[in-house]
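Note sheet for the following structure.
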Amino acid sequence: MLTRKQQELLLFINQRLSEGGVSPSFDEMKDALGLRSKSGIHRLITGLEERGFIRRLPHRARALEVTRLPDGLARADVLGSEAGDTTVVRPNFRATPREPEPEGSLVSLPLYGRIAAGTPIEALRDPSRRADVPAGLLGRGEHYALEVAGDSMVNAGILDGDTVIIQKTQVADSGAIVVALVDGLEVTLKRLRRRGKTIALEPANPSYETRIFGPDRVQVQGRLVGLLRRYD
């Protein structure tokens, strides 16, 4: 899963490398993406590196190499494009109709990386990782799995190291536990509360504070429908 900013940065770096063979400076990247500080660029580059889209070349200043571009990028396949929302590039998987699964059977879902249930981090995706999930946990539509990091949802029964099952959706009722994209950069697992014209992302642990955002800063990316836990 690439955010819009990650895609823009990747294409900007690729263009500059193609034109002159030298990657842009952090200040140039910041200006090109309209960000206020270079810390956002550091976060975006780290995310692209972890996903395998770029590589830092050792012992060379400003040395970045684009190792690949997202599949189907030319199609501008974007989540929410039907509604004019171009915040996040659509992950490269499609829902396929499933025949009714026999009782006790397993369904293999894409396993996205560790999502912070404490401090928001960008969700990671490794296409090679899958999670086998009991078919009975799944309803209609597309689903994916996420690993939980942190303890901010413990009072909702969600612990560090759990695997949560998420139904892809861009809408959710107030009170639902959702995967929320904040400012197009960070993804977190929290309970969604609508308060007038604002949206609250509410933890289930009194040690953490509820965060309040304007509606244009939060995009729902999925709704919690199940949970898997391993006991050692």
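Please read these numbers as outputs of a predicted model, since none were measured by experiment. Numbering starts at 1 and runs along the sequence shown.
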Please name the residue in the list D160, L227, L189 that meets the side-chain contact (heavy atoms from CB on, under 4.5 Å) test with V148. L189
Would you find a donor on one side and an acceptor on the other, under 3.5 Å apart, between the side chain of S174 and the backbone of R194? yes
Count I, L, V, M, F, W, Y as connected when their side-chain heavy atoms are under 4.5 Å apart, and connections chain through other members. Are Y208 and L159 then in the same cluster? no
Can L44 be reached from L11 by stepping across I, L, V, M, F, W or Y side chains whose heavy atoms are under 4.5 Å apart? yes
Side-chain (R217) to main-chain (D183) donor-acceptor, under 3.5 angstrom: no
For residues L228 and P134, determine if any side-chain heavy atom of one lies less than 4.5 Å from a side-chain heavy atom of the other. yes
Output yes when a side-chain donor or acceptor of R130 lies under 3.5 Å from a complementary backbone atom of S108, and no otherwise. yes
Please check this pair: side chain of K5 against backbone of L33, looking for a donor-acceptor N/O pair closer than 3.5 Å. yes
Take atom CG in D173; do more than 12 heavy atoms of anything else shown fall under 6.0 Å from it? no
Look only at the side chain of D162 and the backbone of V164, and say whether a donor-acceptor pair between them is shorter than 3.5 Å. no
Under the side-chain contact (heavy atoms from CB on, under 4.5 Å) rule, what do I45 and H42 come out as? Steps first, then yes or no, please. CA-CA 5 Å; I45 286 179; H42 282 282; 6.0 Å; no
Given side-chain contact (heavy atoms from CB on, under 4.5 Å), test I158 with L224 step by step and report yes or no. CA-CA 11 Å; I158 302 171; L224 178 71; 3.8 Å; yes
Flag the pair V187 / L146 as yes when at least one side-chain heavy-atom distance between them is below 4.5 Å, and no otherwise. no
Contact between T46 and R56 at the side-chain level, heavy atoms closer than 4.5 Å - yes or no? yes
Please report the C-alpha distance between F53 and I13 in whole Å, then the side-chain angles of each, then the deciding distance to 0.1 Å, and finally whether the side-chain contact (heavy atoms from CB on, under 4.5 Å) criterion is met. CA-CA 11 Å; F53 289 98; I13 294 171; over 6 Å; no
Using the side-chain contact (heavy atoms from CB on, under 4.5 Å) rule, take R211 and K190 through it: C-alpha gap first, then chi angles, then the decisive distance, then the call. CA-CA 10 Å; R211 303 174 69 194; K190 291 290 181 292; over 6 Å; no
Hphob cluster co-occupancy, L17 + L69, side-chain heavy atoms under 4.5 angstrom: yes
